[in-house]
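Down below is the structure, laid out as structure tokens.
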Number of protein chains: 2
Amino acid sequence: MVINQNIAKLLQDSGYKLTRQRRVIIEVLSKNERPLTALELYHQVKDKIPTISQDTLYRNLEVLSFIGVANRIRVRGGDRFELVQQHHHHFICLKCGEVKCLKGCPIGPGQLAEARKNDLEVLFHNFELSGYCDKCRSCQKEG
Amino acid sequence: MVINQNIAKLLQDSGYKLTRQRRVIIEVLSKNERPLTALELYHQVKDKIPTISQDTLYRNLEVLSFIGVANRIRVRGGDRFELVQQHHHHFICLKCGEVKCLKGCPIGPGQLAEARKNDLEVLFHNFELSGYCDKCRSCQKEG
DNA sequence: ATGGAAAATAGGAATATTCCTATTTAGGAG
DNA sequence: CTCCTAAATAGGAATATTCCTATTTTCCAT
């Protein structure tokens, strides 16, 4: 699989080098639909680069997320990572832990007003919902 | 200092016991204005209960946050915790790491619509902004 | 006040994440 | 193509967070 040219360009334009490790991490991310845990990612990447370190994985996920290529979803029990296809947000099930992607983004100028008032320069935003997913709703009383 | 009766009641009504550890954790949280790191909290609590374990601290912060008494703000380099005075959200400075509280909450039914459409039961939401704080804006090119 | 069950704790083990540093590599200049 | 430098890597150390379990504590019923 050849890495998306846009991503390659984004990296280089931002002053980051296109290393084998980065290429593989992006490849693995792009092959998966759902947000993966660091461990899941690590195993899949390790299949192709057995010597890769966890630090390299985390460091690059940080870089990718900084330039807007990946998302890091901070959740209890292990953060999840995904390739950014289109800006969106997440729902986290408090029972099964599953992370679901929500279409669209309901955050607009109205939601950023307070920060502006306080003279803060907003570059990014993160919006997460949590509760019970459709599957877990029906059996909230169980285990 | 006597612990806020509302909190004590909230704990018990939710089926949680009012232990010495919980009392002290809440006391320490209530004495601090800004969100504290787990380590800062740990030291302050340890002054009063030298044998307390980090697990107890984390476990109780989880409980307190579950019943809406505390907030956990997940950020790079160590999560921050605060007592919930009034529902609000945060701004995280990408340069100095400081966490600022924003007044009010701009999240309404419109922001939850997509989740409802997907048959998800929303119980909580989290909204975070990041960028440069007022102090760091003026010297973005440095350090 | 006393007994007992469920909940909570302390500590240590297991994970998850970040930091540090000597070595290697990507990518530009010649 | 070769050299050079800044950026990136591997690995291990250091933190941060969660899990596990034997023991202790809270609190309800008596």
Side-chain angles (χ1 to χ4, degrees), chain A residues 3 7-26 35-43 45-46 48-67 69-81 92 94 97 99 143, chain B residues 3 7-26 35-43 45-67 69-81 92 94 97 99:
Chain A
I3 171 175
I7 295 181
K9 190 165 187 323
L10 237 167
L11 269 172
Q12 298 201 304
D13 287 354
S14 307
Y16 294 105
K17 295 179 177 176
L18 189 54
T19 64
R20 186 178 161 219
Q21 287 82 350
R22 279 178 187 157
R23 233 187 291 259
V24 172
I25 290 172
I26 293 167
L36 299 178
T37 63
L39 195 59
E40 289 172 323
L41 267 173
Y42 183 60
H43 287 320
V45 172
K46 209 175 167 72
K48 306 202 178 180
I49 307 179
T51 60
I52 198 170
S53 72
Q54 302 222 143
D55 179 53
T56 297
L57 176 62
Y58 279 106
R59 188 164 20 77
N60 284 322
L61 288 168
E62 171 81 12
V63 166
L64 293 176
S65 119
F66 183 72
I67 63 175
V69 168
N71 267 338
R72 174 182 200 138
I73 308 159
R74 291 190 178 266
V75 287
R76 176 185 167 80
D79 296 355
R80 312 292 185 102
F81 303 88
I92 301 160
L94 297 174
V99 174
Chain B
I3 172 175
I7 295 181
K9 191 166 186 321
L10 237 167
L11 269 172
Q12 298 201 305
D13 287 353
S14 308
Y16 295 105
K17 296 178 176 174
L18 189 53
T19 63
R20 184 177 162 220
Q21 289 81 352
R22 280 179 185 156
R23 232 185 292 258
V24 172
I25 290 172
I26 294 167
L36 300 178
T37 64
L39 194 59
E40 288 173 325
L41 267 174
Y42 183 59
H43 287 322
V45 172
K46 209 175 167 72
D47 281 346
K48 305 201 178 178
I49 308 179
T51 60
I52 198 170
S53 71
Q54 303 224 142
D55 180 53
T56 296
L57 176 60
Y58 278 106
R59 188 165 20 76
N60 284 322
L61 287 169
E62 171 81 11
V63 165
L64 293 176
S65 117
F66 184 73
I67 63 175
V69 168
N71 268 337
R72 173 181 201 141
I73 309 160
R74 292 191 177 266
V75 287
R76 175 184 166 79
D79 296 354
R80 312 292 186 99
F81 304 87
I92 300 161
L94 297 174
V99 173

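The structure presented is a predicted model; accordingly, all values stated were derived computationally and were not measured. Lettering follows sequence order; numbering is per chain, from 1.
Atom CZ of B:Arg23 is separated from atom C1' of D:dT26 by 10 Å (rounded to the nearest Å). With rounding to whole Å, B:Asp79 atom CG is found 17 Å from D:dT15 atom P. As a whole-Å value, the separation of A:Arg74 CZ from C:dT17 C1' is 9 Å. Computed from coordinates, the B:Tyr42 OH to C:dT9 P distance equals 14 Å when rounded to whole Å. One can place CD of B:Glu62 at 17 Å from C1' of C:dT9, the figure rounded to the nearest angstrom. Put simply, CD on B:Gln12 is 11 Å from C1' on D:dC28, counting in whole angstrom units. The nearest whole Å value for the distance from the CG atom in A:Leu57 to the P atom in D:dG11 is 14 Å. If you measure from atom CG of A:Leu18 to atom P of D:dT9, you get 10 Å, rounded to the nearest angstrom.
Toward the 5' end of DNA chain D, the nearer of the two residues B:Tyr16 and B:Arg72, judged by each one's closest nucleotide, is B:Arg72. Mapped onto DNA chain C by nearest heavy atom, B:Arg59 and A:Ala38 fall at different nucleotides, with B:Arg59 at the one closer to the 5' end.
With respect to A:Ser53, the side-chain hydrogen bond (donor to acceptor under 3.5 Å, both in side chains) criterion is satisfied by exactly one of A:Thr56, A:Thr51, A:Asp55: A:Thr56.
Within the nucleic acid shown, B:Asp55 comes within 4.0 Å of at least one base atom, counting heavy atoms only. When heavy atoms are screened at a 4.0 angstrom cut-off, B:Gln54 is found touching base atoms of the nucleic acid. B:Thr51 comes within 4.0 angstrom of sugar-phosphate atoms only, judged by non-hydrogen atoms across all strands, and of no base.
Listed nucleotides D:dA8, D:dC19, C:dT9 differ in distance to A:Thr19; the shortest reach to its side chain belongs to D:dA8. Checked against D:dG11, C:dT9, C:dA8, the side chain of A:Ser53 finds its nearest nucleotide in D:dG11. When distances run from any side-chain atom of A:Lys17 to the nucleotides D:dG12, D:dT9, D:dA7, the shortest one goes to D:dA7. The nucleotide whose nearest atom lies closest to any side-chain atom of B:Gln21 is, among C:dG27, C:dT9, D:dA10, C:dT9. Ranking C:dT9, C:dC19, C:dA16 by closeness to the A:Leu39 side chain, first place goes to C:dA16. The side chain of A:Tyr58 lies closest to C:dT17, out of C:dT17, D:dA10, D:dT26.
When every heavy atom of B:Pro35 is checked against every heavy atom of B:Glu40, the shortest pair comes out as O-OE1, 4.5 Å.
Residues A:Tyr42 and A:Ile52 are in side-chain contact: their nearest non-hydrogen atoms beyond the backbone lie under 4.5 Å apart. Between A:Val63 and A:Leu11 the shortest side-chain heavy-atom distance falls below 4.5 Å. Taking 4.5 Å as the limit, every side-chain heavy atom of B:Asp13 sits out of range of all side-chain heavy atoms of B:Ile67.
Panel note: side chain B:Arg22, backbone B:Lys17; a donor-acceptor pair is recorded below 3.5 Å.
The phosphate of D:dC19 has OP1 or OP2 within less than 4.0 Å of a side-chain N or O from A:Arg76. Here A:Arg20 does not reach the OP1 or OP2 of C:dT25: none of its side-chain N or O atoms lies under 4.0 Å away.
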